[in-house]
Amino acid sequence: CEEWLGPHGFTAVQVSPPTEHIAGPQWWTRYQPVSYNLTSRSGDEAAFASMVRRCRGAGVGIYVDAVFNHCAGGSGVGIAGSRYGNRTFPMYSPADFHHAHGNASTNCIISNYQDRHEVQFCDLLGLPDLCTECEHVQRTVAAYLTRLVRLGVAGVRIDAAKHQSAEELRRIFGRVDGDLYRFSEVINREQEAVEAGEYAGVGQVTEFKYGADVDETLLRDGALEHVGSFGEAWGLLPTDSAVVFVDNHDTQRSLDPKQLTYKSGPLYDIAVAFMLAHPYGYPQLMSSYRFADFDDGPPGAHVHGPDGTVRCGDGAPWVCEHRRPAMANMVGWRRVAGKEPLSISKVGLDGNAIYFCRGKAACIALNRDDSMEWAFETVWMLPPGHYCNVFLSARPGDCPSVDLGAGG
């Protein structure tokens, strides 16, 4: 926050669920809460509070990935020493979970996403489904969220929101003492019973279709000429409701060959730059570690070494996409663009290259065809001089120059 995110203009950083979770090296253990004790694989409550405070001092908010649709499956001892099992946890008893009639020890499993009751009542992947409409659960979750507010947390991502009704979520947040920005994770698929738009009254909503549409556009020859209407006209959520991303911790592990990730090379950088340049939605960047298998958890080595070095980039265990110039510097570009609308100036290379501006000072040219250069002429309403190509670098003395002559 202090050395990179704040200086580069990032609004916030989303962190993994900070609550106590099941033991294990896999990434998804963080999404199986055992208690609402703020001790996780990342550290204890004191470390968490310190991070929140320091990031806030640098002008960067912390968004917590909040998991309260369910609790951990199976039985055992959590990472902070709490015992769990048989749908019993330090803060909940079996009666606090949805369960079979007359038998609090079991429940149905979700298999039909066209059945609203099943999606919001049955267990997701065998994880005990909390009765989020019940009084005790609502008070307990609200107390946890209020604790986050008092520590200075700026917002939350509501994990598995589609498995809780929007009305239940509104009631929970109505009990929270303080303000929290929030956005709901709703994986919106065709012909499912629960739709993303239902959650706009809770806060913003993840628009999973966005990444798929961007990926499809960049992977398809000649498709860039159509992005002038990109957004709501393509069937996406209203722009003020949407949190958008090229990939996230779930989709980057997808087996879909069209899914762009850090493993996709320059095309991924172009996709993220397009997201940051285009005015639609509230953009979210992914920052990853290298993984080979679906279950792979984070590296054993911390991002920051004891001598202050950062273990990021080529050959390092952490990818840190947010440190790539094409992404970090485009955050500042987006701030310069502000609320200015998009105006497409030129399309070239048979629809494989595009140039557009947002206002007078924020312009970008993208070429998805790495086998051909694109040359064109344009006029910028800027004073003559040497301008930095922030897509490649913003470091003094190391920034490729764009030379602007008299008359633009």
Side-chain angles (χ1 to χ4, degrees), residues 113-114 157 161-162 166 183-248 250-252 254 256-261 264 267-286 326-327 330-331 333-334 337-359 362-369:
Y113 277 81
Q114 295 178 333
R157 170 189 182 269
K162 71 186 289 181
F183 66 104
S184 299
E185 184 217 10
V186 182
I187 302 176
N188 203 16
R189 297 191 178 98
E190 298 294 335
Q191 300 181 334
E192 288 193 352
V194 181
E195 298 181 353
E198 299 174 28
Y199 294 81
V202 178
Q204 290 188 296
V205 188
T206 55
E207 179 50 281
F208 275 81
K209 293 180 181 178
Y210 179 92
D213 284 349
V214 170
D215 294 351
E216 173 71 21
T217 299
L218 286 173
L219 289 168
R220 187 156 49 92
D221 189 56
L224 280 177
E225 63 180 331
H226 303 299
V227 300
S229 62
F230 187 78
E232 296 172 32
W234 287 34
L236 303 182
L237 292 167
T239 183
D240 291 340
S241 298
V243 171
V244 299
F245 44 88
V246 174
D247 63 331
N248 71 1
D250 284 317
T251 64
Q252 71 171 186
S254 168
D256 184 352
K258 295 180 180 180
Q259 176 64 57
L260 296 177
T261 72
S264 305
L267 206 57
Y268 178 71
D269 290 359
I270 292 175
V272 176
F274 172 81
M275 175 182 70
L276 291 169
H278 197 280
Y280 176 80
Y282 184 13
Q284 182 182 48
L285 276 66
M286 184 65 195
M327 302 178 191
M330 284 300 296
V331 173
W333 188 104
R334 186 178 182 87
K339 296 185 179 297
E340 293 287 344
L342 179 148
S343 58
I344 292 184
S345 298
K346 294 184 183 294
V347 176
L349 300 182
D350 297 323
N352 287 312
I354 190 170
Y355 163 74
F356 63 84
C357 294
R358 304 262 312 276
C363 297
I364 189 169
L366 299 171
N367 178 4
R368 65 169 295 280
D369 188 343

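These numbers come from the heavy atoms of this one structure, side chains and all, not from hydrogens, waters or symmetry mates.
- Ring geometry, F274 versus H278: the interplanar angle falls from 30° to 60°, so the pair is classed tilted.
- Nearest heavy-atom pair across K162 and V186 is CB-CG1, 3.9 Å.
- A donor-acceptor contact shorter than 3.5 Å links the side chain of W333 to the backbone of C363.
- The shortest heavy-atom contact between A277 and I364 is CB-CG2, 4.1 Å.
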Working for salt bridge (charged side-chain N to carboxylate O under 4.0 Å, His left out), residues K209 and E216: CA-CA 11 Å; K209 293 180 181 178; E216 173 71 21; over 6 Å; no
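- Closest non-hydrogen pair, L276 versus M330, comes out as CD1-CB, 3.5 Å.
- Looking at heavy atoms from C-beta onward, Y282 lies out of side-chain contact with F183 at the 4.5 angstrom threshold.
- P238 places a side-chain heavy atom less than 4.5 Å from the side chain of E232.
- Put simply, the residue from D269, D350, D215, D221 that forms a salt bridge (Lys or Arg N to Asp or Glu O under 4.0 Å) with R368 is D221.
- No donor-acceptor distance shorter than 3.5 angstrom exists from the side chain of S241 to the backbone of Q204, with no hydrogens or angles considered.
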D247 and Q259: CA distance, side-chain angles, deciding distance, side-chain contact (heavy atoms from CB on, under 4.5 Å) verdict: CA-CA 8 Å; D247 63 331; Q259 176 64 57; 3.4 Å; yes
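- Side-chain contact between M275 and V272 is present, with heavy atoms from C-beta onward closer than 4.5 Å.
- Closest of all the heavy-atom pairs between I187 and E192 is O-OE1, 3.8 Å.
- Proximity of M286 to Y268: side-chain heavy atoms (C-beta onward) are separated by under 4.5 Å at one or more points.
- Taken to the nearest 0.5 Å, the OG atom of S264 stands 7.5 Å off from the CG atom of L219.
- T206 contributes a side-chain N or O that, together with a main-chain N or O of S184, makes up a donor-acceptor pair within less than 3.5 Å.
- Across E207 and V244, no two heavy atoms sit closer than the pair CB-CG1, 4.3 Å.
- Atom CG of D250 and atom CZ of F245 lie 8.5 Å apart (nearest 0.5 Å).
- When all heavy atoms are compared, the tightest approach of A166 to V202 is O-CG2, 3.7 Å.
- Here CG of L267 is found 11.0 Å from OG1 of T261. Values are rounded to the nearest 0.5 Å.
- Looking only at side-chain heavy atoms (C-beta outward), Y199 and V194 come within less than 4.5 Å of each other.
- At most 12 non-hydrogen atoms from other residues, nucleotides or ligands lie less than 6.0 angstrom from NZ of K258.
- A side chain to side chain contact (heavy atoms under 4.5 Å, CB included) with I270 holds for exactly one of L366, L260, L224; it is L366.
- Between the side chains of N352 and N367, no donor-acceptor pair is found at a separation under 3.5 Å.
- W234 contributes atom CH2, which lies 3.5 Å from atom OG1 of T217 (distance to the nearest 0.5 angstrom).
- Considering only heavy atoms from C-beta on, E185 comes within 4.5 Å of F208 through its side chain.
- Using a distance-only test at 3.5 Å, with no hydrogens or angles considered, a donor-acceptor pair links the side chain of E198 to the main chain of E195.
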